[in-house]
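Chain letters run A, B, ... following the sequence lines, proteins first and then strands; every chain starts at 1.
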There are 2 protein chains.
Amino acid sequence: MAGRRPGQTQTRDDILAAARNQFGQRGYNGATIRGIAAEAGVNPALVHHFFGTKDQVFVAALNVPVNPAVMVELITQGPRDNIGERILGLFLGLWRAPETRQTFLALIRSVANNEQVAGLMRQFLEQTVVGPVSKALDLPPLRLTGAASQAFGLAMARYVLAVEPLASATDDEVIALYGPVFQYYFTA
Amino acid sequence: MAGRRPGQTQTRDDILAAARNQFGQRGYNGATIRGIAAEAGVNPALVHHFFGTKDQVFVAALNVPVNPAVMVELITQGPRDNIGERILGLFLGLWRAPETRQTFLALIRSVANNEQVAGLMRQFLEQTVVGPVSKALDLPPLRLTGAASQAFGLAMARYVLAVEPLASATDDEVIALYGPVFQYYFTA
DNA sequence: GTCTATAATCGGATAGAC
DNA sequence: GTCTATCCGATTATAGAC
C-alpha cells in the first residue's frame, strides 16, 4: 500500500480496462485481442505478454471484486417479507457500477454464444446459487431457477436489447414492476 | 401445388435446414457459410448461389411460418383470467416444434452479439408487441416489457443455459411456476 | 517493457469451368 | 445446377529484435 509501483502498471491496467470494455460490448467470441490492444493503444503482442491466451485475458478481465457467496449471504440473511425488493436493489446497484456492468454484459453475451462459458455459468448457478439458497430459505430449487431466469431476462431486455420503456425507466419503477415477481419466487 | 418441382429443390432445402441449425446453435456471428455448406453436404459457393450474402441466408433461414400479428390476436382475444397460462402454452408449443425452436435460438443468440439483429428485435418488440398489446388490453407498456423480459429469461435459462432443474422440468411444471408471473404482468 | 515480423488458420465472397 | 480455384481480409499466437 506504500509507494507506487514502477512502469508496467499503467499499461497493464489500460489493457485490462480495454478488455473489460471489449468483452462487455462484444462477448467472448466477438471481442478480439487486436481490438483490445487498439483500444488500449498498445501492440497486440503486449496483451499476450501480460495475460497469455484469449481465455486467460477473459478470466482476468472478469475477475471483478464481487464475491457471490457474500451476495448470497446478504440475500438469505435479511427479512423475508421484502426479499424481492432487496434483491432488486442489489441487482440494480451492480448494473450501475461500470466495472460490474461490463462484467455482466460480457457474461450474458458470452453465455449466449459460447458453450464453454455457458457451461461455467450453468455450474455456477446450480452449485453456488440455486443449491445453497434453496437450502437456506427452504424453497424448491425450481423456484430459484425461476428467479434467476427473470434476472437474466431483465438484464437482457433492459441493458442488452434496451427495449423501451423499460430501458429508460428509473430504478424505482423497475423495483415497483419486478418486486412482486421476485417476492413470489422467494415465497414458498 | 400440383406436381413436384425438379432437381434443385432438394439441395436448396438441405442448405436451408443446415442454415437454420447452424444459426440456431451458433447465432449469426458464430455461424459460417462454410459450416452451413458442410452440414448440408454441399460446396460453400452453392450457399451463396442460392441465397446470396450471409445476411440473406440468415433472413431466409429465419423466415418461418409464424405470423406475429396472429399470435398477438390469439393472446388479446381470449379470456383475461387465464391469459398467463395461455401465453405460456403458446410459448412452450413454439419451443417444442423444431423449426420455431431453431429460429428462436438463433434470434436469442444473435440478439446478444449482433447489434443489427438487436436493433431489429427492439423495433419488433416496441412496435409490433408492446404497442398494440398495450392498447388492446389497456395495460401500461412497462408491464408488457416486463412480460417480454420474463419470456426472454425463461428461454435463456431453460433452452440456452439449460440450468437444472428448470431444463428438465415438464411443460406443466413450467406453466405452474410461471403462470402467476405472466398473469401478474397482464393484470392492471 | 515494447514492438516487428510472421506462422498458420479461417472467414466471406466471386469468377468461371463443367 | 454444381464445383474448383482463388482473392482478400482478419484472427490467435509465437519468436525474437531492440
Would you find more than 12 non-hydrogen atoms of other residues, nucleotides or ligands less than 6.0 Å from [X] atom [atom1]?
X	atom1	answer
A/Q56	CD	yes
A/R143	CZ	yes
B/D138	CG	no

Send over the distance from [X] [atom1] to [N] [atom2], rounded to a whole Å.
X	N	atom1	atom2	answer
A/D14	C/dT2	CG	C1'	14 Å
B/H49	D/dT4	NE2	P	15 Å
B/N43	C/dA15	CG	P	16 Å
A/R12	C/dT2	CZ	P	12 Å
B/H48	D/dT6	NE2	C1'	14 Å
B/Q56	C/dG12	CD	P	14 Å
B/F51	C/dG12	CZ	C1'	17 Å
A/F50	C/dG1	CZ	C1'	7 Å

Proximity to DNA chain C (any heavy atom under 4.0 Å), residues of residues 19-35 of chain B only
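Within residues 19-35 of chain B, the residues near DNA chain C are B/A31, B/T32, B/I33, B/R34.
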
Could you list the donor-acceptor pairs under 3.5 angstrom formed by side chains in residues 86-97 of chain B, with sequence neighbours left out?
from, atom 1, to, atom 2, distance (Å)
B/R86, NH1, B/P79, O, 2.4
B/R86, NH1, B/N82, OD1, 3.4
B/R86, NH2, B/L74, O, 3.1
B/R86, NH2, B/I75, O, 2.8
B/R96, NE, B/D171, OD2, 3.1
B/R96, NH2, B/D171, OD2, 2.7

What heavy-atom pair brings B/A118 and A/L161 nearest, and what distance separates the two atoms?
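Taking every non-hydrogen atom into account, O-CD2, 3.5 Å.
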
Using a strict threshold of under 4.0 Å (side-chain N to carboxylate O), is an ion pair present between A/E39 and A/R20?
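Here A/R20 does not pair with A/E39 in a salt bridge, since their nearest N and O are not under 4.0 Å apart.
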
